[in-house]
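Along the sequence shown, the residues carry numbers beginning at 1. Just so it is clear, the structure is predicted and the values come from calculations on it, not from any experiment.
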Amino acid sequence: YRVGPFLRGLAGVRYKVAAGVIDHFSALDFQLPRRWVPHDHPWAQRLRDWSHGRLIERCRKRIPAPRLILLESTGAVYLLDRLRQAYPGVPIWYRPSDPFPTWKLPEGPRWALMEAEKQVTREAELTLLPDGMYEGLYRSLGYEFRATQGNPRVLVNGIELEAFRGRHPV
């Protein structure tokens, strides 16, 4: 297991793209093991709230005035209300690269993630789905998308084909 990329993710990376800047960083999300403590247990909720509060503080220090927030599918869906409060008026886009309805999780935690994700797809200015088939799946499960032109859109998960070309040792 390589720790370098993980630590770099926590430290953050700043990309300069055209006339803008993209700040990307990961954060630890402290949670109790779902095997022992149900997702909706008060202790689990308190720890998650504390962890998310620290994450928002870190966001405010690193990125005081973003022009756009892009949420990726994971526990980040629980941050929507806090992000709206911390950054009023900043557009939020959502990119579920691994849609929750396809996750193999126990019913309780998966249901909680899906409920939070439903709020995000309803409120995000734009949802970028990894494949056109997911829109039908989401809608069949009661998801709604904010009524803006072109929402949701498809942005396929990319594969760098060059890595698969050429000779590779067995």
Margin query: Let me check something: do L128 and Y134 share a hydrophobic cluster, defined by ILVMFWY side-chain heavy atoms less than 4.5 Å apart, either directly or through other members?
Written below: no

Item checked: Distance in Å, D49 CG paired with R82 CZ, rounded so as to fall on 0.5 Å steps -> 5.5 Å

Note to self: Please determine whether side-chain contact (heavy atoms from CB on, under 4.5 Å) holds for the pair L71 and R95, giving the CA-CA distance in whole Å, both sets of side-chain angles, and the decisive distance to 0.1 Å.
What the structure shows: CA-CA 6 Å; L71 285 181; R95 170 73 169 130; over 6 Å; no

Item checked: SB check E57 R60 (cutoff 4.0 Å) -> no

Next item on the list: Compute whether any side-chain donor of one residue and acceptor of the other, for Y138 and E117, lie under 3.5 angstrom apart.
Entry: yes

Notebook entry, point to check: Can you get from Y94 to L137 by hopping between Ile, Leu, Val, Met, Phe, Trp and Tyr side chains that sit under 4.5 Å apart?
Noted result: yes

Next item on the list: May I have the step-by-step check of side-chain contact (heavy atoms from CB on, under 4.5 Å) for H52 and Y78, ending in yes or no?
Entry: CA-CA 8 Å; H52 291 168; Y78 293 118; 3.4 Å; yes

Next item on the list: Supply the atom-to-atom distance R48 CZ to Q45 CD, rounded to the nearest 0.5 angstrom.
Entry: 5.5 Å

Note to self: Could you check whether any side-chain heavy atom of Q119 comes within less than 4.5 Å of a side-chain heavy atom of L80, counting everything from C-beta outward?
What the structure shows: yes

Next item on the list: Carefully, step by step, assess I92 and R84 under the rule side-chain contact (heavy atoms from CB on, under 4.5 Å).
Entry: CA-CA 8 Å; I92 294 179; R84 290 260 190 234; 3.9 Å; yes

Next item on the list: Determine the minimum heavy-atom distance between P64 and Y87, stating which atoms define it.
Entry: O-CE2, 3.7 Å

Item checked: Nearest heavy-atom neighbours spanning P66 and V90 -> O-CG2, 3.5 Å

Margin query: For the residue pair E125 / N151, report whether a side-chain donor-acceptor contact shorter than 3.5 Å exists.
Written below: no

Next item on the list: Run the salt-bridge test on E123 and R146 with the 4.0 Å N-O cut-off and return the result as yes or no.
Entry: no

Checklist line | Joint hydrophobic cluster, L126 plus L68, side-chain heavy atoms closer than 4.5 Å | finding: yes

Check: C59 versus R54: any side-chain heavy-atom pair under 4.5 Å?
Finding: no

Check: In the single-linkage hydrophobic clustering (I, L, V, M, F, W, Y; side-chain heavy atoms under 4.5 Å), do W93 and L155 co-cluster?
Finding: yes

Next item on the list: List the atom of P130, the atom of P96, and the distance in Å for their closest heavy-atom pair.
Entry: CD-O, 3.2 Å

Next item on the list: Find out if a path of hydrophobic residues (ILVMFWY) with successive side-chain heavy-atom gaps under 4.5 Å connects L70 to V77.
Entry: no

Check: Does a side chain donor of either Y143 or E135 reach within less than 3.5 Å of an acceptor in the other side chain?
Finding: no

